[in-house]
Colleague: 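Okay, here's the structure, questions in a sec.
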Amino acid sequence: PDGKRIAAGGWTCWDWARAGCVYVFDVDSGDMVRRLRGLPDAVSALAWSADGRHLAIGLQGRAGLRVLRTDTFEEVAADRAFEDKVMELAYDSQGRLAAVALDGRIRLYRSDHRLHGRVSVEGGRQLATVRFKPDGSRLAVGFLDAAAVTILDAGSLQSVAVRRIDDRAQRNLSNLAWSRDGATLYAAGERGGEGLNALYR
């Protein structure tokens with residue numbers, strides 16, 4: 001969040017180490033300042049907390065979630081109860097963490113990284129993306145297998161609304177973004193057939 005470091009992950013180092021890695025780079029120099037080794041699977045998602053004190057790491061397979069302190073890079077929290085790949089992670093300004101996975105569930109963690117709730121989400125089976133509304137009151141979820149967006153209450157994780165796109169060519173809505181004032185939600189994804197891809201508001 002302060003713009004001084006970049007964390008990068010993926011399949012890198014898996015081929016030779018048979019373990020996942022996260023690389024931390026200094027923005028000004030471009031130097032790698034840390035390599036976090038020994039993760040049990042490849043890295044599929046990363047998120048810094050708003051205060052920069054924590055780095056959340058989502059893993060492929062069923063390896064789940066790890067959270068590290070960024071001053072020592074020691075693990076401070078973990079959730080291994082995932083049945084498929086973690087697709088995306090998002091922190092809100094208060095330190096709550098949301099995680100979505102291909103197992104069809106969203107997890108919400110309190111600011112101390114303890115699990116607040118884990119629920120299945122109406123709208124699709126494969127959750128692809130999650131975004132906190134800027135004021136933290138809502139969560140928007142997009143899908144890899146459905147052209148739909150589901151809005152959840154960020155406290156109870158109850159569904160507030162489900163919006164589906166009535167267009168067979170629109171395969172999914174796997175990318176979401178709130179406007180800064182939270183009044184508008186934008187969605188896009190993969191489109192089949194001919195024609196331009198659409199951005200929905």
Side-chain angles (χ1 to χ4, degrees), residues 1-92 95-118 120-121 124-132 139 141-145 172 174-177 189-190:
D2 64 7
K4 295 179 180 179
R5 295 285 186 268
I6 292 173
W11 281 95
T12 178
C13 94
W14 181 263
D15 288 342
W16 53 268
R18 283 294 178 260
C21 292
V22 173
Y23 299 87
V24 182
F25 297 92
D26 179 81
V27 170
D28 291 333
S29 68
D31 292 339
M32 184 174 71
V33 296
R34 195 78 177 240
R35 184 175 70 200
L36 311 174
R37 295 184 279 186
L39 295 165
D41 213 320
V43 176
S44 53
L46 292 167
W48 298 94
S49 61
D51 60 10
R53 295 175 58 189
H54 294 96
L55 178 66
I57 304 170
L59 300 168
Q60 305 226 14
R62 297 185 176 187
L65 169 72
R66 306 292 186 274
V67 179
L68 310 180
R69 285 179 48 169
T70 55
D71 55 350
T72 62
F73 290 103
E74 293 178 290
E75 183 179 302
V76 295
D79 187 348
R80 295 170 174 82
F82 283 76
E83 297 176 17
D84 209 332
K85 170 183 175 181
V86 177
M87 290 296 288
E88 193 162 46
L89 303 165
Y91 276 101
D92 75 351
R96 291 182 300 172
L97 174 65
V100 293
L102 292 183
D103 64 7
R105 296 181 180 90
I106 184 172
R107 282 96 169 157
L108 181 64
Y109 305 86
R110 301 183 184 96
S111 58
D112 62 2
H113 295 102
R114 293 185 180 183
L115 184 66
H116 172 74
R118 177 177 58 234
S120 298
V121 179
R125 294 185 301 275
Q126 296 181 322
L127 281 60
T129 189
V130 60
R131 294 284 185 269
F132 276 99
L139 284 158
V141 177
F143 302 90
L144 201 60
D145 64 337
N172 59 43
S174 56
N175 293 284
L176 302 174
E190 183 182 6

Colleague: Mind checking whether Lys4 and Val27 have side chains closer than 4.5 Å, heavy atoms only?
Modeller: no
Colleague: Rounded to the nearest 0.5 Å, what separation is found between the CZ atom of Arg118 and the CD1 atom of Ile106?
Modeller: 12.5 Å
Colleague: Could you measure the distance from the OG atom of Ser120 to the CZ atom of Arg105? Nearest 0.5 Å is fine.
Modeller: 5.0 Å
Colleague: Do other residues, nucleotides or ligands put more than 12 heavy atoms under 6.0 Å from the CZ atom of Arg5?
Modeller: yes
Colleague: Taking Phe82's backbone N and O only, do any of them form a donor-acceptor pair with Arg62's side chain (distance below 3.5 Å, no angle check)?
Modeller: no
Colleague: Using only atom types and a distance under 3.5 Å, with no angle test, would you say the side chain of Asp145 pairs donor to acceptor with the backbone of Arg125?
Modeller: yes
Colleague: For the atom pair SG (Cys21) and CD1 (Ile57), what is the distance rounded to the nearest 0.5 Å?
Modeller: 10.0 Å
Colleague: With a 4.5 Å cut-off on side-chain heavy atoms, are Phe73 and Val22 touching?
Modeller: no
Colleague: What are the two closest non-hydrogen atoms of Leu139 and Ala98, and how far apart are they?
Modeller: CD2-CB, 3.9 Å
Colleague: So, applying side chain to side chain contact (heavy atoms under 4.5 Å, CB included) with Val24, which one of Arg35, Met32, Arg34 is it?
Modeller: Arg34
Colleague: Show the nearest heavy-atom pair for residues Leu108 and Phe132, with the distance to one decimal.
Modeller: CD1-CZ, 3.8 Å
Colleague: Using a strict threshold of under 4.0 Å (side-chain N to carboxylate O), is an ion pair present between Asp71 and Arg69?
Modeller: yes
Colleague: Is Ser44 reaching over with its side chain to a backbone N or O of Val86, donor-acceptor style, under 3.5 angstrom?
Modeller: yes
Colleague: Which one of Val67, Val130, Leu65, Leu46 satisfies the side chain to side chain contact (heavy atoms under 4.5 Å, CB included) criterion with Leu89?
Modeller: Leu65
Colleague: Quick one: pull up CG in Leu144 and CG in Leu102 and give me the separation to the nearest 0.5 Å.
Modeller: 6.5 Å
Colleague: Which heavy atom in Val33 sits nearest to a heavy atom in Asp26, and how many Å separate them?
Modeller: CG1-CB, 3.9 Å
Colleague: Kindly say whether Phe143 contributes a backbone atom to a donor-acceptor pair with the side chain of Ser174 at under 3.5 angstrom?
Modeller: no
Colleague: Yes or no on side chain to side chain contact (heavy atoms under 4.5 Å, CB included) for Leu115 and Arg107, after CA distance, side-chain angles and deciding distance?
Modeller: CA-CA 7 Å; Leu115 184 66; Arg107 282 96 169 157; 4.0 Å; yes
Colleague: Compare every heavy atom of Ala101 with every heavy atom of Asp84, then report the nearest pair and how far apart it is.
Modeller: O-CB, 4.1 Å
Colleague: Within the distance-only criterion (no hydrogens, no angle test), does the side chain of Asp79 pair as donor or acceptor with the backbone N or O of Ala81 below 3.5 angstrom?
Modeller: yes
Colleague: Between Arg37 and Ala17, is there a donor-acceptor pair closer than 3.5 Å when you use the side chain of the first and the backbone of the second?
Modeller: no
Colleague: Can you list everything that forms a ring pair (Phe, Tyr, Trp, His ring centres under 6.0 Å) with His54? Sequence neighbours excluded, please.
Modeller: His113
Colleague: Scan residues 28-73 for pairs that pass disulfide bond (SG atoms under 2.5 Å apart), counting only residues two or more places apart or in two chains.
Modeller: none
Colleague: Got a donor-acceptor contact below 3.5 angstrom from the Asp41 side chain to the Leu59 backbone?
Modeller: no
Colleague: Which heavy-atom pair separates Asp103 from Glu83 by the least distance, and what is that distance?
Modeller: OD2-N, 3.2 Å
Colleague: So, Glu88 and Thr129: side-chain donor and acceptor under 3.5 Å apart, yes or no?
Modeller: yes
Colleague: When rounded to the nearest 0.5 angstrom, what is the spacing between CD in Gln60 and CG in Leu39?
Modeller: 12.0 Å
Colleague: Just to verify, what does Glu190 make a side-chain contact (heavy atoms from CB on, under 4.5 Å) with, not counting sequence neighbours?
Modeller: Arg171, Asn172
Colleague: Give me the atom names and distance for the closest heavy-atom approach of Gly20 to Cys13.
Modeller: C-SG, 3.7 Å
Colleague: Roughly how far, to the nearest 0.5 Å, is CH2 of Trp48 from CG of Leu55?
Modeller: 5.0 Å
